[in-house]
Amino acid sequence: MAYIDEFKDKGNRKKLVKLLEERGIKDKNVLAAIEKVPRHWFLDTAFYNQAYSDQAFKIGAGQTISHPSTVGFQSQLLMIEKGEKVLEIGTGSGYQTAILCELGAKVFSIERQKALFDRTKVALPAMGYNSPRLFYGDGYLGLPGFAPFDKIIVTAGAPFIPPALIEQLKPGGIMVIPVGEGPKQAMISVVKAPDGTTETFQYGDFSFVPLLEQKSK
Ligand code: SAH
């Protein structure tokens, strides 16, 4: 597959960034990353001409790529600084992974569906994203061998905050995770203080595919 980014695509991304600004995404680094990453590369060609609308699309295996406004919102809450270690749960298409790379993060990402893992493991380097380390496994467990992480982002709706992820968050770190069973989740930001205690902040409603446990594979 040839990854082509045309003038028209770049123009559409500029318009998308304007829309996201209107929808409350203010972080300049996040907006610059969204302007840079060709989202159409992560979609089925059937959706190419809608790639820069604020919509979610099917990516196969019953999963979806999140709305750009959701990607923007989660990325903004993470407040990523260059060089930080970021754990992503739910690699999916790899779009959010690419955004994290553009923000300068050292990315570790876990996907539990083999078909998506296999596809994205080939696609991301072909797009020029060689640095993220991709793992096939269960996000509930995190990556104890690579912990602790400065930031953690979960891109599927979790019934509860997995304890292993809290454990693997560095003191001073932030985790962003949609929590709730059913069609809607609240966006939760967990901030770990230097003494290891955590405080949670809750933001509006979002709608994610569920974070599934490995046993139901
Ligand atoms: N960040 C992705 C969003 C994909 S949707 C993107 O930008 O495209 C959420 C993803 O989480 C799906 O690919 C789903 O298979 C994956 N997922 C669900 N439960 C998981 C788990 N327990 N561990 C790891 N990945 C999981």
Side-chain angles (χ1 to χ4, degrees), residues 16 20 30 33-34 36-44 47 50-78 80 86-103 105 107-124 127 129 132-144 146-147 149 151-166 168 175-181 183-185 187 206-217:
L16 172 62
L20 297 185
V30 169
I34 290 173
K36 196 148 180 216
V37 179
R39 186 173 186 249
H40 63 283
W41 289 355
F42 298 82
L43 302 180
D44 190 283
F47 303 131
Q50 303 164 74
Y52 298 104
S53 60
D54 193 14
Q55 287 184 66
F57 293 102
K58 293 193 185 324
I59 53 169
Q63 307 304 318
T64 53
I65 180 172
S66 304
H67 292 69
S69 53
T70 303
V71 171
F73 193 75
Q74 287 197 284
S75 303
Q76 174 166 283
L77 285 176
L78 285 173
I80 291 173
V86 179
L87 174 64
E88 176 189 27
I89 309 299
T91 317
S93 69
Y95 177 68
Q96 174 77 66
T97 318
I99 294 287
L100 296 170
C101 292
E102 294 293 354
L103 290 168
V107 187
F108 298 74
S109 186
I110 313 178
E111 173 56 54
R112 73 177 280 282
Q113 301 235 31
K114 189 71 164 60
L116 290 175
F117 169 79
D118 286 343
R119 190 176 76 198
T120 301
K121 201 172 165 52
V122 173
L124 277 174
M127 295 171 190
Y129 294 103
R133 302 192 51 177
L134 307 180
F135 298 82
Y136 171 53
D138 182 5
Y140 276 92
L141 308 176
L143 288 174
F146 296 90
F149 298 96
K151 307 284 161 70
I152 299 178
I153 174 172
V154 180
T155 70
F160 55 87
I161 302 175
L165 298 185
I166 294 193
Q168 291 171 33
M175 164 160 48
V176 176
I177 176 168
V179 180
E181 281 173 291
K184 295 257 180 257
Q185 301 88 31
M187 191 64 75
F206 290 82
S207 188
F208 283 82
V209 294
L211 186 71
L212 300 171
E213 290 191 68
Q214 192 71 356
K215 63 178 190 291
S216 56
K217 191 164 59 163

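Just so we're clear, the structure is a prediction, and the values are computed from it rather than from any experiment. Remember, it's 1-based here, ligands and their atoms both numbered in the order they're listed.
Between E213 and ligand 1, not a single N/O pair is under 3.5 Å apart. Considering backbone and side-chain atoms together, T64 places no N or O closer than 3.5 Å to any N or O of ligand 1. Where the criterion is an N or O separation shorter than 3.5 Å, residue side chain and backbone included, G139 meets it with respect to ligand 1. For ligand 1, the polar-atom distance check finds no N/O of S66 at less than 3.5 Å from any of the ligand's N/O atoms. The N/O atoms of V209, backbone and side chain alike, include none that comes under 3.5 Å of an N/O atom in ligand 1. Not one N or O of Y140 is nearer than 3.5 Å to an N or O of ligand 1, by distance alone.
With Q74 as the fixed residue, the side-chain contact (heavy atoms from CB on, under 4.5 Å) test singles out one of L100, I153, I99: I153.
By the criterion of a heavy-atom distance under 4.0 Å, neither the backbone nor the side chain of A61 is placed next to ligand 1. Of all the heavy atoms of L116, the ones lying under 4.0 Å from any atom of ligand 1 belong exclusively to the side chain. At a heavy-atom cutoff of 4.0 Å, ligand 1 is contacted by no atom of V71, backbone or side chain. At a heavy-atom cutoff of 4.0 Å, ligand 1 is contacted by the side chain of Q63 but not by its backbone.
With atom 8 (O) of ligand 1 as the reference point, the heavy atom nearest to it among A56, S93, G94 is part of S93. With distances taken over non-hydrogen atoms, the option nearest atom 17 (N) of ligand 1 out of R39, Q74, R112 is R112.
Y129 places a side-chain heavy atom less than 4.5 Å from the side chain of E102. Contact of the Y140 side chain with the F160 side chain is registered, since non-hydrogen atoms from C-beta on lie closer than 4.5 Å. Contact annotation: the side chain of Q96 never approaches that of S66 to less than 4.5 Å [non-hydrogen atoms, C-beta and beyond]. The shortest side-chain heavy-atom distance between L116 and T91 does not fall under the 4.5 Å cut-off. Counting heavy atoms from C-beta outward, V37 and F42 have side chains that approach closer than 4.5 Å. The closest side-chain heavy-atom distance from I177 to P162 is below 4.5 Å. Using a 4.5 Å heavy-atom cutoff, the side chains of I161 and M175 are in contact.
Rounding to the nearest 0.5 Å gives a distance of 12.0 Å between CH2 of W41 and OH of Y95.
Near P210, with a cut-off below 4.0 Å to any heavy atom, the atoms of ligand 1 are 18 (C). Listed by atom number, the atoms of ligand 1 under 4.0 Å from Y95 heavy atoms are 7 (O). Of all atoms in ligand 1, numbered sequentially from 1 with element shown, those under 4.0 Å from a heavy atom of T91 are 1 (N), 2 (C), 6 (C), 8 (O). Per-residue contacts place T155 under 4.0 angstrom from the following atoms of ligand 1 (heavy atoms of the residue considered): 1 (N), 2 (C), 3 (C), 5 (S), 9 (C). Taking every heavy atom of E88 and a limit of under 4.0 angstrom, the matching atoms of ligand 1 come to 1 (N). In summary, the atoms of ligand 1 found under 4.0 Å from a heavy atom of I110, numbered by their order in the structure, are 24 (C), 25 (N). Within ligand 1, the atoms closer than 4.0 Å to a non-hydrogen atom of Q96 are 1 (N), 7 (O), numbered from 1 in the order shown.
Heavy atoms of T97 come nearer than 4.0 angstrom to ligand 1 in no pair at all.
In this pair, F108 and F149 present their aromatic rings perpendicular. The plane angle is above 60°, beyond the 30 to 60° band.
Side-chain contact of S93 with Q63: a donor-acceptor pair under 3.5 Å is absent, judged by distance alone.
Here the shortest heavy-atom pairing between T64 and V209 reads OG1-CG1, 3.7 Å.
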